[in-house]
Every structure is written in structure tokens, then in C-alpha cells.
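So that the names make sense, note that chain A is the first sequence line, chain B the second, and so on, each numbered from 1.
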2 protein chains.
Amino acid sequence: MNIGEAAKASGISGKMIRYYESIGLIPSVGRTEAGYRSFSDKDIHALRFIARARSLGFSVEQMSNLLALWRDDKRASSDVKAVAYAHIEELDSKIGKLIAMRQTLQHLAEHCQGDHRPSCPILGDLAGTADPGEIASSSAHPPLTC
Amino acid sequence: MNIGEAAKASGISGKMIRYYESIGLIPSVGRTEAGYRSFSDKDIHALRFIARARSLGFSVEQMSNLLALWRDDKRASSDVKAVAYAHIEELDSKIGKLIAMRQTLQHLAEHCQGDHRPSCPILGDLAGTADPGEIASSSAHPPLTC
DNA sequence: CCTTGACCTTACAACGGTGGGAAGGTTTAT
DNA sequence: ATAAACCTTCCCACCGTTGTAAGGTCAAGG
């Protein structure tokens with residue numbers, strides 16, 4: 001299997017397959033006499049594993065751990081679960097920050113007239129010159145946990 | 001005002017202040033005879049504007065637009081509002097993706113025994129060998145909109 | 001006056017992932 | 001035989017931030 005076919009079969013671009021190989025995320029695959037990479041079914045399987053892990057937001061480093069666990073017959077599922085929960089916490093942290101941003105911004109935008117006049121509470125907040133009576137300070141991001 | 005003092009006053013590292021200057025996000029500030037950057041109150045004000053915008057997740061390009069609007073006395077607040085809403089949509093998109101990941105992962109992790117045994121639905125899903133009866137396919141990410 | 005330490009300057013590299021492209025070799029189909 | 005579609009390696013770009021190295025400057029104290 002060519003790298004092009006492997007890319008189609010796995011959903012990972014050829015560029016990225018080479019990159020993953022170069023950083024050691026996947027072991028070096030076989031080569032033809034002409035130097036072309038030759039992917040076995042096992043290689044494709046690993047690539048699809050990676051594609052799926054990537055779609056769940058795992059970092060390359062986390063994927064490296066997961067791949068090692070996958071290959072290890074004597075792994076403990078608790079180890080896998082720990083990696084998963086660590087990632088869930090990362091996701092929660094990111095989600096929380098984004099929601100706080102969204103909340104603040106929404107609040108500011110709602111108070112903006114949005115007309116031809118220059119007066120704007122959004123810029124007022126950014127510049128630190130917002131009327132604190134008109135709009136509650138947005139730095140007090142509410143404990144919104146979704 | 002030194003760059004160090006400016007950094008403390010604005011909450012932006014000296015490194016980043018130089019970077020923002022280098023890419024033209026802020027105009028070149030004055031210099032002392034010895035070549036040290038000298039920040040005016042106005043400069044600090046702009047830096048604090050940037051720090052606040054950054055904390056709301058605006059990209060450098062968006063900040064550039066916002067700064068231009070801020071400096072423009074004849075701006076229309078609708079223009080500012082448009083930038084804000086565009087960013088809110090970006091945030092929503094990111095949040096949605098992260099929540100979908102989180103949801104899938106949580107679901108998988110809940111079904112993992114997390115003991116000393118190797119059997120693990122998380123790896124099963126990633127490898128594409130999960131029992132479809134045991135665990136609903138996680139690729140059908142639910143329409144969770146928070 | 002001189003040293004020391006804390007600051008400043010520029011310039012370069014690195015990170016994580018991903019994409020783009022150049023320059024050259026190979027395979028496949030016409 | 002030739003053209004198109006591959007493949008190879010190599011370097012560069014993005015974004016935002018940090019680190020580091022080599023050198024200049026300022027303020028304090030001996």
C-alpha cells in the first residue's frame with residue numbers, strides 16, 4: 001500500500017503520516033526497492049487508531065501513550081482510563097475558559113446599540129473606560145459550568 | 001517607562017510587547033538615547049486594551065481591527081458589534097467541538113472497568129474493534145449544544 | 001572609579017500540528 | 001516514448017509564546 005492509499009484508507013494526509021513517522025509516533029514502515037513506503041494492514045490499523053484519537057482531541061504525546069497501551073497485552077484498563085480522564089479534564093478546562101469568554105462577550109455585545117454611532121460598550125470594556133453602572137464588570141466571569 | 005514596567009503595568013510580557021510591535025499591531029514606541037523603548041501612558045493604555053482583548057480570545061488580526069475601530073472617532077458601533085459576534089461564533093464552534101469530544105470520551109470512560117485487566121472499551125473504540133452492542137458507536141456524536 | 005547585578009537590545013530557535021511547494025525519481029497508462 | 005500521477009526528501013510558513021545567547025546600559029554600593 002502506497003502512502004496515498006494509506007492516506008485515503010486512514011483519513012490522515014500523507015504529509016501527516018510522514019510527520020508521525022518522523023517523530024516516532026508510528027514505527028518506520030517498510031519500503032519498496034525504489035524507496036516508496038509500503039503500508040501493511042497493521043500499519044493502516046494504527047493510522048486509523050491515530051485518526052480516531054486525534055478526532056477526540058488527544059495530543060500527539062497522549063496518543064503515544066495510548067498506542068503503547070494498545071500494543072501492551074498486559075495493560076491495565078485503569079491506565080487507559082486515567083489517560084482518558086486526564087484528557088477530559090483538559091477538555092473541561094478549555095471549555096470552561098471558552099464559555100467564560102463567550103459569556104462576557106455576549107453580555108457586552110447585547111448592550112451595544114450596533115448602529116452608526118461610535119459609542120460602544122465593547123470598546124469601552126476593552127479600553128477599561130466602561131461605565132461600571134451600565135455594564136457589570138466583565139472580569140467577574142460568572143461560575144457558568146454549562 | 002521601561003519595557004519591564006510596561007509589562008507589569010499591562011500584564012503583557014516584554015517578549016510579547018516586542019512581538020506585537022514587530023508585527024505592527026502596535027506602532028513603534030519612542031526610544032531613549034540608549035535605544036531603550038520608552039512607553040507613554042497612551043502606549044500602556046493600548047497594551048491594556050490588547051491584554052483584555054486577548055483574554056477574551058480575540059486573535060491578533062481581530063485585535064488589529066478592534067484597535068483600528070477604537071482609534072477611529074467616527075466608527076459605527078455596528079462594526080464593533082460585528083467583530084464581536086463573529087468571534088462569538090468562532091467560540092461557539094470551538095466549544096461545540098470540544099463538548100462533542102468530551103461527551104464521547106466520557107461515555108467511553110464510563111464503560112471502562114478501570115481495573116488491572118486489559119479489556120478496555122476506550123481502546124476498543126479507538127481501534128475500531130469495540131463491541132457495538134455494548135457501547136453505542138461514539139462516532140454518532142449527540143446534538144449536544146450545551 | 002569600578003564592580004556587580006538588574007535591566008535593556010537584537011537575533012535565532014523551539015514548541016504543536018498542519019499545509020505548501022520545489023526538485024528530483026518512479027510507476028503506470030496510453 | 002511520453003505524459004500524468006505518483007513518490008521521495010528538504011525547507012518554509014502559519015500562530016502565539018517562550019527560551020537562550022551575546023552584547024550594551026543603568027543604578028547601587030564598595
Side-chain angles (χ1 to χ4, degrees), chain A residues 1-26 28-40 43-44 47 49-67 86-87 90-91 93-94 97-98 101, chain B residues 1-26 28-40 43-44 47 49-67 86-87 90-91 93-94 97-98 101:
Chain A
M1 246 200 185
N2 268 348
I3 199 174
E5 296 169 300
K8 274 181 203 151
S10 67
I12 301 179
S13 72
K15 280 275 190 199
M16 289 312 296
I17 294 176
R18 292 195 192 97
Y19 171 69
Y20 289 148
E21 189 187 6
S22 79
I23 63 172
L25 180 63
I26 51 175
S28 299
V29 304
R31 300 276 183 150
T32 68
E33 287 185 357
Y36 282 24
R37 284 177 185 77
S38 178
F39 293 80
S40 69
D43 294 328
I44 303 297
L47 287 176
F49 183 104
I50 289 170
R52 178 84 184 118
R54 208 82 195 89
S55 80
L56 290 177
F58 284 103
S59 70
V60 169
E61 193 178 1
Q62 287 169 321
M63 286 194 296
S64 185
N65 295 336
L66 289 172
L67 282 165
H87 183 42
E90 285 173 25
L91 290 173
S93 169
K94 283 186 195 171
K97 282 174 192 161
L98 292 177
M101 290 177 186
Chain B
M1 246 201 185
N2 267 348
I3 198 173
E5 295 169 299
K8 274 180 203 152
S10 66
I12 301 180
S13 73
K15 280 276 188 198
M16 290 312 297
I17 295 175
R18 292 195 192 98
Y19 172 68
Y20 289 147
E21 188 187 5
S22 79
I23 62 173
L25 180 63
I26 51 175
S28 300
V29 304
R31 300 273 183 152
T32 68
E33 289 186 354
Y36 283 23
R37 284 177 184 78
S38 178
F39 292 82
S40 68
D43 294 328
I44 303 297
L47 287 176
F49 184 103
I50 289 169
R52 178 86 183 117
R54 207 82 194 89
S55 79
L56 291 177
F58 284 102
S59 70
V60 168
E61 192 178 1
Q62 287 170 320
M63 287 194 295
S64 185
N65 294 336
L66 289 173
L67 281 165
H87 183 41
E90 284 173 26
L91 290 172
S93 169
K94 283 186 194 171
K97 282 173 192 162
L98 292 176
M101 289 177 186

Open item on the list: If you compare every side-chain N and O of A:R37 against the phosphate oxygens of D:dC7 (OP1, OP2), does one of them come in below 4.0 Å?
Closed with: no

Open item on the list: Check this one for me: any side-chain N or O of A:R31 less than 4.0 Å away from OP1 or OP2 of D:dC7?
Closed with: no

Side-chain heavy atoms of [X] within contact of [Y], under 4.5 Å:
X: B:Y19; Y: B:L25; answer: no
X: A:F49; Y: A:L66; answer: yes
X: A:S40; Y: A:M1; answer: no

Can you check the [X] [atom1] to [N] [atom2] distance for me, whole Å?
X: B:L56; N: D:dG16; atom1: CG; atom2: P; answer: 15 Å
X: A:I3; N: C:dG19; atom1: CD1; atom2: P; answer: 13 Å
X: B:I50; N: D:dC15; atom1: CD1; atom2: P; answer: 16 Å

Task: Which nucleotide in C:dC8, D:dT8, D:dC6 has an atom nearest any side-chain atom of B:N2 - done: C:dC8

Open item on the list: Can you tell me which nucleotide in C:dG17, D:dG16, D:dC7 comes closest to the side chain of B:V60?
Closed with: D:dG16

Minimum-distance pair of heavy atoms, taken over all atoms of [X] and [Y]:
X: A:D43; Y: A:S38; value: OD2-O, 4.0 Å
X: B:G14; Y: B:A7; value: N-CB, 3.8 Å
X: B:I44; Y: B:A9; value: CG2-CB, 4.0 Å
X: A:S10; Y: A:L47; value: CB-CB, 3.5 Å
X: A:I3; Y: A:F39; value: CA-CE1, 3.6 Å

- [ ] Identify, between A:E61 and B:G4, the residue whose nearest nucleotide on DNA chain C lies closer to the 5' end.
- [x] B:G4

Task: Close approaches to DNA chain C from residues 6-25 of chain B, in residue order (heavy atom, under 4.0 Å) - done: B:K15, B:R18

TODO: Going 5' to 3' through nucleotides 22-27 of chain D, assign each nucleotide B (protein heavy atom under 4.0 Å from a base atom), S (under 4.0 Å only from sugar-phosphate atoms) or - (no protein heavy atom that close).
DONE: --BBS-

TODO: Measure from the side-chain N and O atoms of A:H87 to the backbone N and O of A:Q62, and report whether any donor-acceptor pair falls under 3.5 Å.
DONE: no

